[in-house]
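Report on the following structure.
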There are 2 protein chains.
Amino acid sequence: MTASQTQGISIQGISILLVDDHPVVRQGYRRVLEHQGDFHVVAEADNAADAYRAFKAQAPDVVVMDISMPGASGLEAVRNIRSRSSATRILVFSMHSEAAQVKAAFNAGANGYVTKGSAPTELIRAIRAIVRGEQAISDDIARVLAMESLSPSHSLLDQLGEREIEILRQLAAGATTEQIAANLNLSMKTVQNYHYLIKTKTGMRTDAQLVRLAVECGLASL
Amino acid sequence: MTASQTQGISIQGISILLVDDHPVVRQGYRRVLEHQGDFHVVAEADNAADAYRAFKAQAPDVVVMDISMPGASGLEAVRNIRSRSSATRILVFSMHSEAAQVKAAFNAGANGYVTKGSAPTELIRAIRAIVRGEQAISDDIARVLAMESLSPSHSLLDQLGEREIEILRQLAAGATTEQIAANLNLSMKTVQNYHYLIKTKTGMRTDAQLVRLAVECGLASL
DNA sequence: CCCAGCTTGGGAAACTTTCCCAACAAACCC
DNA sequence: GGGTTTGTTGGGAAAGTTTCCCAAGCTGGG
């Protein structure tokens with residue numbers, strides 16, 4: 001491996017789209033990033049719509065995005081970019097460090113989440129991690145998520161409502177949408193909506209993952 | 001409850017479509033069935049196409065069908081009828097007593113399976129059971145299926161091919177179609193086809209049932 | 001009283017499932 | 001050797017499901 005290849009990325013370096021509504025912040029971080037030599041900020045945007053336009057025009061390797069911008073949601077922009085390209089790496093760069101916010105970002109398709117309170121080296125480390133295909137979070141976010149997962153009664157039985165739990169239980173037991181609708185006297189549409197809601201809330205992508213979760217939480221057995 | 005309602009069915013009785021390619025068999029069974037008083041054979045057919053036509057014209061409560069008819073498959077007719085009406089009860093009446101044949105019939109949408117070697121009372125008992133919404137099989141079929149389920153190495157690991165097992169394992173582990181396709185270097189289409197094939201072969205209707213099955217067979221753990 | 005959150009379901013686009021079929025290779029029987 | 005069966009791979013098209021958005025009704029708390 002030669003020196004020019006040590007990042008596991010082409011010698012052309014990493015192209016970056018910087019999205020933040022504060023010009024001063026963009027300028028500061030542009031300088032920090034470009035100081036890396038192989039990082040190239042190819043575009044900037046100060047709102048979600050421009051960010052999406054710039055993404056389509058430049059097809060950057062990485063989008064570094066502040067999701068707390070005025071007007072349209074930054075999460076929306078993340079979702080839009082992700083739905084158009086699964087290859088683009090998206091790093092959310094936010095001042096919020098709430099667990100729910102972080103989960104929402106990853107749910108929308110982000111590859112990493114770094115708070116603005118982090119040292120510049122953390123941002124750089126995170127960008128290098130996500131171009132390698134890894135997920136990245138800053139140290140303070142890691143601490144918040146770790147604490148949250150240790151807190152008592154966080155068994156997702158309290159993040160779901162009663163109806164959601166009942167439907168998850170029946171899904172895990174192997175019931176079809178039709179059977180659940182009949183059992184609970186609901187329309188199939190409602191059961192489908194719950195099914196989807198449960199997946200979204202728990203972050204599970206397949207029904208198989210849902211079954212595992214239900215079993216882990218003691219909702220179902222095998 | 002009055003005497004005329006003891007069957008749990010309206011006082012108009014049970015309308016039956018009789019399908020068998022042998023006229024003598026039809027005549028014999030028509031007499032046996034009508035001797036019941038509340039059973040009314042409203043139509044007969046000697047092939048799958050006529051059976052389907054008669055079913056559409058008469059909308060009988062029960063279809064008693066021999067699936068080993070010349071030409072078109074009787075199973076095909078069962079599937080057609082089932083896809084048009086989930087309320088119609090279908091009793092397969094066959095001379096075969098192989099487990100695979102029976103499973104195929106239930107898979108196609110049959111509600112019961114009685115062999116021609118059974119006593120007439122078994123046929124009548126089965127019809128009464130299926131109009132009550134139960135599933136019914138004759139005693140000899142029960143014995144065949146029971147034996148089969150006891151036979152060694154019937155863990156469905158031998159009813160599935162290697163690829164099918166690998167895909168079931170990954171599905172149960174929570175992998176998405178996309179991930180499995182990538183892991184095994186297949187197209188998503190192939191993985192989808194296997195997913196469907198596995199469901200069909202094992203008789204599972206939901207992915208949750210598939211997970212339970214995989215865990216039971218030691219393919220996956222939780 | 002109003003706001004937040006739960007429950008219920010419609011709507012519409014996107015995606016999956018279902019089932020059919022075909023090509024090809026390996027194994028298997030006659 | 002040649003035909004048959006069985007496993008693997010995937011296309012095609014209709015039917016069904018998922019995804020996401022929205023709205024209305026209800027309940028409970030500040």
Side-chain angles (χ1 to χ4, degrees), chain A residues 72-73 75-80 82-86 100 104 107-109 156-171 175-210, chain B residues 72-73 75-86 100 104 107-109 156-168 170-171 175-210:
Chain A
S73 163
L75 278 186
E76 203 56 43
V78 173
R79 240 188 292 277
N80 286 337
R82 175 58 67 237
S83 72
R84 222 59 46 151
S85 159
S86 58
N107 234 248
L156 96 130
L157 299 180
D158 48 49
Q159 116 178 247
L160 295 181
E162 256 182 84
R163 221 90 244 252
E164 289 161 343
I165 288 178
E166 178 55 20
I167 285 170
L168 173 55
R169 210 189 49 65
Q170 298 200 26
L171 282 171
T176 61
T177 300
E178 207 171 5
Q179 288 165 355
I180 297 173
N183 291 346
L184 301 182
N185 244 274
L186 296 174
S187 80
M188 281 214 268
K189 192 70 234 265
T190 301
V191 177
Q192 286 168 356
N193 276 339
Y194 272 113
H195 191 160
Y196 168 69
L197 228 203
I198 293 165
K199 273 192 191 163
T200 308
K201 280 196 184 180
T202 60
M204 299 294 122
R205 322 246 346 267
T206 68
D207 288 355
Q209 293 172 359
L210 233 37
Chain B
S73 164
L75 278 186
E76 203 57 41
V78 173
R79 241 187 292 277
N80 286 336
I81 292 172
R82 176 57 68 238
S83 70
R84 222 59 46 151
S85 158
S86 58
N107 235 247
L156 98 132
L157 298 179
D158 48 49
Q159 113 178 250
L160 296 180
E162 256 181 84
R163 222 88 249 249
E164 289 160 341
I165 288 178
E166 178 54 21
I167 285 170
L168 173 55
Q170 298 201 26
L171 282 170
T176 63
T177 300
E178 206 172 5
Q179 287 165 355
I180 297 173
N183 291 347
L184 302 181
N185 244 273
L186 296 174
S187 79
M188 282 213 264
K189 191 72 234 259
T190 301
V191 177
Q192 287 169 355
N193 276 338
Y194 271 113
H195 192 159
Y196 169 68
L197 229 203
I198 293 165
K199 273 193 191 162
T200 308
K201 280 196 183 179
T202 60
M204 300 294 121
R205 323 245 345 266
T206 69
D207 288 355
Q209 292 173 0
L210 233 36

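Chain identifiers are assigned alphabetically (A, B, ...) following the order of the sequence lines, protein sequences preceding nucleic acid strands; residue numbering begins at 1 within each chain.
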Legend entry - Given Leu184(A), Ile180(A), Asn183(A), the one that forms side chain to side chain contact (heavy atoms under 4.5 Å, CB included) with Val191(A): Ile180(A)

Inset, instruction - In whole angstrom, give the distance that lies between atom CE of Met204(A) and atom P of dT19(D). - result: 13 Å

Inset, instruction - For dT8(C), take OP1 and OP2 only and decide whether either is under 4.0 Å from a side-chain N or O of Thr190(A). - result: no

Inset, instruction - Please report, rounded to the nearest Å, how far the C1' atom of dT9(D) is from the CD atom of Glu162(B). - result: 15 Å

Inset, instruction - State whether Lys199(B) places a side-chain N or O below 4.0 Å from either non-bridging phosphate oxygen (OP1 or OP2) of dT18(C). - result: yes

Legend entry - Residues Glu166(A), Arg163(A): salt bridge by 4.0 Å N-O rule: no

Inset, instruction - Write down the distance between CD (Gln209(B)) and C1' (dT17(C)), rounded to a whole number of angstrom. - result: 15 Å

Inset, instruction - Describe, as an angle rounded to 10 degrees, how the axis at the first end of the helix from dC1(C)-dG30(D) to dC30(C)-dG1(D) is tilted relative to the axis at the last end, five pairs per end. - result: 30°

Legend entry - Whole angstrom value for the distance that separates C1' of dT18(D) from CD1 of Ile198(A): 14 Å

Inset, instruction - Please report, rounded to the nearest Å, how far the P atom of dC15(C) is from the CD atom of Gln192(A). - result: 17 Å

Legend entry - Euclidean distance, atom CG of residue Leu210(B) to atom C1' of dT18(C) [Å, nearest integer]: 15 Å

Inset, instruction - Starting at atom OH of Tyr196(A), determine the distance to atom P of dG9(C), rounded to an integer number of angstrom. - result: 19 Å

Inset, instruction - For DNA chain C, determine which residues of residues 176-189 of chain A have any heavy atom closer than 4.0 angstrom to one of its atoms, and list them numerically. - result: Leu186(A), Ser187(A), Lys189(A)

Legend entry - Heavy-atom side-chain contact between Ile167(B) and Leu186(B) under 4.5 Å: yes

Inset, instruction - Taking all non-hydrogen atoms of both residues into account, name the closest pair between Ile198(A) and Glu164(A) and its distance. - result: CD1-O, 3.3 Å

Legend entry - Distance (rounded to the nearest 0.5 Å) between Leu168(A) CG and Lys201(A) NZ: 11.5 Å

Legend entry - Nearest-0.5 Å distance, OH of residue Tyr194(B) to CG of residue Leu160(B): 11.0 Å

Inset, instruction - Side chain of Arg163(A) only, please: which of dT8(D), dT18(C), dT7(C) is the nearest? - result: dT7(C)

Inset, instruction - To the nearest 0.5 Å, tell me how far Met188(A) CE sits from Asn193(A) CG. - result: 12.5 Å

Inset, instruction - To the nearest Å, give me how far apart CG (Leu168(B)) and C1' (dT8(D)) are. - result: 17 Å

Inset, instruction - Could you please name the option among dT17(C), dC20(C), dC20(D) that lies closest to any side-chain atom of Asn193(A)? - result: dC20(D)

Legend entry - Any side-chain heavy-atom pair of Leu171(B) and Asp207(B) under 4.5 Å: no

Inset, instruction - Find which nucleotide of DNA chain C each of His195(B) and Leu197(A) is nearest to by heavy atoms, and output the residue with the more 5' nucleotide. - result: Leu197(A)

Inset, instruction - Can you measure from CZ (Arg205(A)) to OG1 (Thr200(A)) and round to the nearest 0.5 angstrom? - result: 11.0 Å

